[in-house]
Amino acid sequence: MQGYDFRRLQERWLPVWDELQPFRSGDPADTRPRKYVLDMFPYPSGDLHMGHAEAYALGDVIARYWRLQGFNVLHPIGWDSFGLPAENAAIKRGIDPRKWTYDNIDQQKQSMRRYATSFDWDRVLHTSDPEYYKWNQWLFLEMFKKGLAYRKDSWVNWDPVDQTVLANEQVLPDGTSERSGAVVVKRKKTQWYLRITDYADRLLDDLNQLEGSWPSKVISMQRNWIGRSRGADVDFVIEGRADKVTVFTTRPDTLYGVTFMVVAPDSDLAAELVAGADPEVRMAFQDYLEQVQKSTEIERQDATRDKTGVPLGRFAINPVNGERIPIWTADYVLADYGHGAVMAVPAHDQRDLDFARAFGLPVRVVLDTNAPVTGAVPVLELDENGQAILPDELPPLDPAATGKALVGDGRMINSGPLDGLSKSNAIKKIIEQLEAAGTGRAAKTYRLRDWLISRQRYWGTPIPIIHGENGELIPVPDDQLPVLLPPTDGLDLQPRGQSPLGAAEDWVTVTNPVDGTPARRDPDTMDTFVDSSWYFLRFLSPNDDSRAFDPREADKWAPVDQYVGGVTHAILHLLYARFITKVLFDLGYVSFTEPFSALLNQGMVLMDGSAMSKSKGNLVRLSDQLDEHGVDAVRLTMAFAGPPEDDIDWADVSPAGSAKFLARAWRLAGDVTSSPEIEWKTGDVALRRQTHRFLAEAPGLIESFKFNVVVARLMELVNATRKTIDSGPGGGDAAVREATEVIAVGLSLFAPYTAEDMWATLGYAPSVAQALWRKADPALLIEESVTAVVQVDGKVRDRLTVSPKIDSAELERLARASAAVIRSIGDQPVTGVIVRAPRLVNITTR
RNA sequence: GCCCCGGUAGCCCAAUUGGCAGAGGCAGACGACUUAAAAUCGUCCGAGUCAGGGUUCGAGUCCCUGUCGGGGUACCA
């Protein structure tokens with residue numbers, strides 16, 4: 001007999017699976033219950049790498065597990081194949097982005113096949129196929145018709161390297177582009193947006209449903225990103241202006257402490273207010289605005305930077321006390337948050353205080369934070385002698401002098417009718433008063449902004465809008481979809497800040513479908529996150545050319561039962577997919593509001609403590625690993641390395657060790673000498689118990705993603721079986737066959753080639769992929785005896801072998817009779833006995 | 001700055017959720033087989049759970065403080 005040779009196994013079984021196609025899910029006569037297991041689809045840049053290998057190994061464990069449990073599992077794969085890298089590669093090397101993209105897809109497809117991923121290859125999709133992006137355009141037009149897609153002239157994030165606008169979500173916290181790494185700048189542009197802010201409350205509140213099924217980290221990141229704050233809108237009369245200006249504040253209780261107002265320099269409001277001011281003021285404002293616009297996101301977001309700003313020479317009237325306050329402009333106020341204007345309360349807001357101190361503006365305390373809050377237990381500070389400092393001896397509250405805004409709770413002062421109230425009571429009362437007076441109301445606002453989806457690049461979905469001569473926006477009629485991308489011949493794809501499509505004259509020039517007058521196509525393409533926001537639905541009927549997806553299939557399969565992917569998409573992709581799902585629900589196309597019922601985030605694969613990269617010289621090539629250790633060993637290593645959400649440092653794990661274990665398991669099958677018809681009952685009881693304990697435990701471990709523990713249990717079972725063969729009843733024992741069969745089925749989750757070969761050696765055909773998980777025999781799970789620990793004062797003094805059914809009184813009697821226990825108690829009085837039958841007795845003497 | 005997560009043998013990780021700290025692997029040592037080596041098989045070596053305090057009959061597990069590491073977020077009114 002030959003030794004374990006992973007190359008031979010791979011060559012033997014791959015053609016068999018191709019022939020058998022055990023992972024097809026589309027049989028309408030299939031009556032098994034269904035599960036939808038989805039891996040995030042890849043972007044086709046080059047071949048698969050170690051990160052893909054981890055993600056797809058783990059997703060495959062879950063898909064194969066549910067199949068073993070008797071489910072019809074939908075486990076599809078496709079490619080997120082639009083996007084800038086294809087276009088940039090095309091520019092750099094002069095190849096058509098189509099060729100680059102589809103060549104890469106072919107390569108990845110072959111690698112996945114070799115990697116033994118259990119995908120349903122009948123359902124493959126590529127988002128760059130016209131058959132796919134047609135439905136992107138359909139979705140866009142559905143949203144356009146509902147007012148959810150709209151154009152807006154606004155300051156946008158501009159990537160000066162890729163020469164395109166970016167969504168807020170694509171700008172990293174350090175102000176650089178997540179794609180190109182360039183420092184993002186602001187430009188004013190008319191762009192297409194999707195009205196995700198209309199869904200902010202639902203996107204936030206529905207996260208509660210996902211609690212427990214999604215990683216809490218992702219949930220909190222999404223909550224943070226949506227960033228709902230509650231407070232009040234307050235209307236301020238502006239001198240010399242008919243309309244009031246509304247500001248949003250989370251601290252309406254401090255309204256009596258307002259000493260000035262600040263508007264965002266890049267807001268329409270600032271421009272309008274300054275228009276009526278003196279020429280010097282206008283000049284100063286212009287200078288300031290230019291200076292602000294020149295600054296990058298990085299500079300702007302540096303909170304330690306000194307406050308800057310200029311007065312606008314205009315005044316507002318505080319609605320609660322009639323005070324006249326100056327209006328300033330400063331870039332610490334953002335144009336697109338709230339109303340682009342704030343009421344400044346320097347005594348109780350650090351930013352306002354910094355600004356007031358920089359420009360000598362008044363500071364008025366309206367909340368005494370030294371005063372005990374009504375109903376609360378006062379916390380007194382102690383002096384150096386440990387004596388309590390009484391409130392009236394505390395240092396005076398003077399933020400103007402200390403530079404520290406008073407943000408705590410306390411008692412309202414200098415606030416007319418609010419005096420004496422606590423912060424939260426004052427907020428309630430002032431909102432009532434504002435509402436009664438008609439000068440304000442309770443309000444909430446969000447950090448989330450509308451989703452900017454237009455891109456000035458070639459390799460994406462054309463936006464299906466025609467611009468009429470008079471600027472009207474006409475949807476491309478349904479029967480003219482898809483709007484195909486023009487060929488790249490003669491087009492200059494070099495980024496120049498305008499969509500290359502605009503230069504394709506034949507393509508861009510059309511007649512107005514309404515009145516036949518000359519018109520032009522919208523030259524922009526969509527953000528590729530639109531493509532990936534609904535692809536999980538297209539998998540359900542990938543070849544349906546009459547609609548985006550078949551709602552009957554959606555009722556059968558969706559939402560996705562288990563989604564698997566990297567935490568890098570915690571905000572972007574997952575938020576967009578949730579949003580689009582809710583839109584499709586509102587439009588009546590689906591009957592659920594959340595796309596992914598459960599989410600597993602796998603960690604990253606590192607090398608020597610950091611992410612792999614060519615420049616760091618720590619790149620581990622997947623193909624090298626597969627050549628050296630084989631597919632099964634690499635997959636097993638991914639599963640065994642630790643909890644799936646933890647990063648794997650390839651330097652810490654041992655694919656060679658995995659290969660050794662697989663060889664050890666595989667040899668068991670060759671040592672089984674009994675036939676499949678053997679009577680299990682005749683087998684070695686100890687091994688049978690262990691086998692059935694594995695059968696009972698493994699499902700719970702898999703379902704809680706403890707793949708590493710399942711592998712460890714398999715190792716134990718292999719060790720025990722080996723022992724039974726070599727130094728027990730031998731390879732002819734029924735328990736050896738039973739254990740080896742269970743090992744083969746268990747291993748099929750992680751190491752399909754090895755498992756398949758074992759299964760054949762054990763005399764079964766055609767495929768372990770079509771086997772089922774065996775039920776554990778309850779009779780074999782009952783232990784005959786257990787070890788009871790006897791403690792004295794918490795220290796273990798004796799161990800007793802007892803029946804698992806022993807009652808407390810009997811166990812206590814045995815424990816107190818133990819010589820070791822009696823010795824250890826000595827002549828101390830026994831003060832208590834805790835009995836947890838059948839495992840533990842603790843006798844206390846204190 | 002704010003929010004969240006983590007620290008268990010030299011290393012990667014388990015521990016029925018408050019009940020004997022060790023399942024598994026890597027590395028290491030020794031032995032068997034071999035002319036020898038590899039492969040294989042067997043045996044062994046190993047922390048008292050980051051530090052301090054608290055709750056409890058009992059704490060790796062719960063609470064507090066600190067520390068180290070990781071992540072998210074940051075003029076969001």
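Just so you know, these numbers use all the heavy atoms, side chains as well, and skip hydrogens, waters and symmetry mates. Per chain, numbering begins at 1; letters A, B, ... match sequence-line order.
Judged by Watson-Crick or G-U wobble contacts below 3.5 Å, the nucleotide B:G18 has no partner. Pair check for B:U49 finds none; no Watson-Crick or G-U wobble contact set falls under 3.5 Å. Base pairing analysis places B:C2 opposite B:G72; the two distances defining the Watson-Crick or G-U wobble pair are each below 3.5 Å.
A:Lys307 forms no cation-pi arrangement with A:Phe359, by the criterion of a distance under 6.0 Å to the ring centre and an angle within 45° of the ring axis.
Between A:Arg664 and B:C41 there is a side-chain N or O to OP1 or OP2 distance below 4.0 Å. OP1 or OP2 of B:A15 has at least one side-chain nitrogen or oxygen of A:Lys706 nearer than 4.0 Å.
Of the candidates A:Leu434, A:Val245, A:Thr246, A:Asp235 forms a side-chain contact (heavy atoms from CB on, under 4.5 Å) with just one, namely A:Thr246.
Here the separation of B:A32 from B:A14, taken at their P atoms, is 37 Å to the nearest Å.
Heavy atoms of A:Gln791 sit under 4.0 angstrom from at least one base atom. Note on A:Asp336: nothing from the nucleic acid sits closer than 4.0 angstrom, heavy atoms only. A:Ser220 comes within 4.0 angstrom of no nucleic acid atom, judged by non-hydrogen atoms across all strands.
The backbone N or O of A:Thr308 sits less than 3.5 Å from a side-chain atom of A:Tyr288, completing a donor-acceptor pair.
Along RNA chain B, the nucleotide closest to A:Gly657 and the one closest to A:Asp793 are compared, and the more 5′ of them pairs with A:Gly657.
Classification of B:U17 as syn follows from a glycosidic angle within 90° of 0. Using a 90° window around 0 for the glycosidic torsion, B:G48 falls inside it and is classed as syn.
With hydrogens and angles left out, the side chain of A:Asn842 and the base of B:C57 share a donor-acceptor pair within 3.5 Å.
Proximity note for A:Ile834 (side chain, C-beta onward) versus B:G19, B:G71, B:G25: the nearest is B:G19.
At whole-Å resolution of the value, OH in A:Tyr4 and C1' in B:A39 are 15 Å apart.
Aromatic ring centres of A:Phe260 and A:Phe355 lie closer together than 6.0 Å.
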